[in-house]
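Bear in mind the structure is a predicted one, so any value in this text is a computation, not a measurement.
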Amino acid sequence: MLLRTIIPVLAVLVLSLGTAVQTEAGTMTDETALTEREKSIVVISAFTASGDLERLKPALNAGLDAGLTVNEIKEVLVQMYAYAGFPRSLNGLGTFNAVTDERKARGIVDEVGREASPVPADMDKDAYGAKVRAQLVGLEKDISGLPWQVFSPTIDIFLKEHLFADIFARDVLNHRERELATIGALAAMRGTQSQLRSHLGISLNAGLTPSQLRDFTEVIEMRVGHEEGESAKAELTAVLDARKQ
């Protein structure tokens with residue numbers, strides 16, 4: 001098999017340069033390529049965020065066929081409201097509901113999967129969210145005092161207490177899978193290149209390898225669109241080049 005050269009959650013976050021990058025050259029094996037299940041997370045997120053329900057429907061079917069549980073896909077669709085808004089998330093959930101009904105009518109029994117584990121009632125969401133954000137960005141402590149935080153402290157509270165606490169604390173998906181969903185959505189939307197670049201860096205911190213992110217850009221190009229794929233490739237190149245400095 002031929003070797004291939006394979007290979008930061010909003011624009012407000014800074015790109016971490018402190019995390020070691022794994023080798024960029026490797027054979028596309030199960031260990032370095034995205035699985036079909038992971039690719040489905042990317043594609044489902046992309047079509048939900050772009051509002052392309054016609055293409056979302058077969059992507060949802062493919063995701064179930066690839067081994068995603070009903071609850072895992074629901075979790076992806078719910079997370080999308082933090083990036084694409086409630087209308088797109090709700091439309092995605094409505095489409096998925098119809099897909100599951102159709103599959104049941106055809107006698108297909110899909111695995112529902114487990115529910116999210118309960119979180120402590122007294123959890124300090126601000127502290128928890130700050131810790132998760134710092135880990136994902138690759139810093140020892142949470143970012144603070146940035147211009148946008150001073151200008152709008154409210155959005156910083158929402159980011160920590162809701163996105164990185166309420167949502168990221170739900171363990172139906174792990175952080176790596178949530179980042180795949182995020183970059184899939186950002187790659188499919190217009191005007192979100194800076195956020196995509198930030199989240200590609202965060203994806204490395206969450207455990208995805210450069211080769212898997214190369215695979216991600218191929219999935220975007222082949223299954224979502226050529227323009228979107230080329231844009232994702234350019235952003236990934238910028239991220240990896242910055243980490244070499």
If you compare all heavy atoms of Ala188 against all heavy atoms of Ala46, which two are closest, and at what distance to 0.1 Å? CB-O, 3.4 Å
Contact between Val219 and Val224 at the side-chain level, heavy atoms closer than 4.5 Å - yes or no? no
I want to check something: taking the side chain as every heavy atom from C-beta on, are Leu173 and Glu72 in contact at a cut-off of under 4.5 Å? yes
Any idea which heavy atoms bring Arg214 and Leu240 closest together, and the distance? NH2-CD1, 4.3 Å
Phe86, Leu163: one ILVMFWY side-chain cluster at the under-4.5 Å cut-off? yes
Quick check against the 3.5 Å criterion: does Gln79 have a side-chain atom that pairs as donor or acceptor with the backbone of Val76? no
Going by heavy atoms in the side chains, are Leu34 and Leu180 under 4.5 Å from each other? yes
Looking only at side chains, do Asn61 and Arg103 share a donor and an acceptor under 3.5 Å apart? yes
Any side-chain heavy-atom pair from Phe168 and Leu136 closer than 4.5 angstrom? yes
Drop me the distance from Arg88's CZ to Leu56's CG, to the nearest 0.5 angstrom. 11.5 Å
Can a donor-acceptor pair be found, under 3.5 Å and without considering hydrogens, that links the side chain of Gln135 to the backbone of Asp142? no
To the nearest 0.5 Å, what is the distance between CD on Glu179 and CD1 on Ile202? 5.5 Å
Honestly curious: do Val172 and Ile44 fall in one hydrophobic cluster under the side-chain, below-4.5 Å linking rule? no
Distance alone, cut at 3.5 Å: any donor-acceptor contact between the side chains of Glu235 and Thr217? no
Could you please spell out the steps behind the salt bridge (Lys or Arg N to Asp or Glu O under 4.0 Å) verdict for Arg133 and Asp156? CA-CA 11 Å; Arg133 181 168 66 179; Asp156 193 41; 2.8 Å; yes
Less than 4.5 Å apart, side chain to side chain, heavy atoms only: is that true for Ile167 and Arg178? yes
Going by heavy atoms in the side chains, are Thr48 and Tyr83 under 4.5 Å from each other? no
Strictly distance-based, threshold 3.5 Å: is any side-chain N or O of Gln212 a donor or acceptor partner for the main-chain N or O of Leu208? no
Smallest separation among heavy atoms of Ala187 and Phe216, with atom names: CB-CZ, 4.0 Å
Gap between atom OG of Ser203 and atom CG of Asn205 - 0.5 Å precision: 8.5 Å
Point-to-point distance, once rounded to the nearest 0.5 Å, from NZ of Lys233 to CG of Leu213: 13.5 Å
Is the backbone N or O of Ser117 less than 3.5 Å from a side-chain atom of Asp171, with the two atoms forming a donor-acceptor pair by type? yes
Side-chain donor or acceptor of Ser45 paired with backbone N/O of Thr182 under 3.5 Å: no
Over all atoms of both residues, closest heavy-atom pair of Gly145 and Val150: O-CG2, 4.1 Å
For Thr35, does its backbone N or O pair with a side-chain atom of Glu38 as donor and acceptor, under 3.5 Å? yes
What distance do Lys57 atom NZ and Leu60 atom CG have between them, rounded to the nearest 0.5 Å? 10.0 Å
Close side-chain approach of Leu204 to Arg243, heavy-atom, < 4.5 Å: yes
With clusters defined by side-chain heavy atoms of hydrophobic residues (ILVMFWY) lying less than 4.5 Å apart, directly or transitively, does Phe96 cluster with Ile108? no
Check the pair Met189, Leu196 against side chain to side chain contact (heavy atoms under 4.5 Å, CB included), reporting the backbone distance first and the verdict last. CA-CA 10 Å; Met189 294 189 291; Leu196 175 59; over 6 Å; no
Check for a donor-acceptor pair, side chain of Glu230 on one end and backbone N or O of Glu227 on the other, with a separation under 3.5 Å. no
Correct closest heavy-atom pair for Ala206 and Arg176 would be O-CB, 3.7 Å
Is it the case that one hydrophobic cluster holds both Leu68 and Val112, taking links as side-chain heavy atoms less than 4.5 Å apart, direct or via other members? no
Please assess Asp52 against Arg55 for the test side chain to side chain contact (heavy atoms under 4.5 Å, CB included), listing each intermediate value before the final yes or no. CA-CA 6 Å; Asp52 193 339; Arg55 298 173 72 190; 2.8 Å; yes
Counting only heavy atoms not in Arg106, do more than 12 fall under 6.0 Å of its CZ? yes
Would you tell me whether Gln195 and Thr192 have side-chain atoms, one donor and one acceptor, within less than 3.5 Å of each other? no
Which heavy atom of Ala66 sits nearest a heavy atom of Ser40, and at what distance? CB-OG, 3.9 Å
Taking NZ, NE, NH1 and NH2 as the nitrogens, is one of them in Arg37 or Glu177 under 4.0 Å from a carboxylate oxygen of the other? yes
Mind checking whether Trp148 and Ile155 have side chains closer than 4.5 Å, heavy atoms only? yes
Is any side-chain N of the basic residue among Lys104 and Asp110 closer than 4.0 Å to the acidic one's carboxylate O? no
May I ask whether Met80 and Val99 are part of the same hydrophobic cluster, defined by side-chain heavy atoms of I, L, V, M, F, W, Y residues being less than 4.5 angstrom apart, directly or through others? no
Spell out, as yes or no, whether a donor-acceptor pair under 3.5 Å connects the side chain of Thr100 to the backbone of Asn97. yes
Answer yes or no: does atom CE of Met222 have more than 12 heavy-atom neighbours from other residues, nucleotides or ligands under 6.0 Å? no
Begin with the C-alpha distance, continue with both residues' side-chain angles, and end with the deciding distance and a verdict on side chain to side chain contact (heavy atoms under 4.5 Å, CB included) for His175 and Val132. CA-CA 9 Å; His175 291 177; Val132 170; 3.9 Å; yes
Test log, rule salt bridge (Lys or Arg N to Asp or Glu O under 4.0 Å), inputs Glu36 and Arg223: CA-CA 12 Å; Glu36 282 302 317; Arg223 303 189 188 184; 3.2 Å; yes
Interatomic distance, Phe158 atom CZ to Asp166 atom CG [nearest 0.5 angstrom]: 11.0 Å
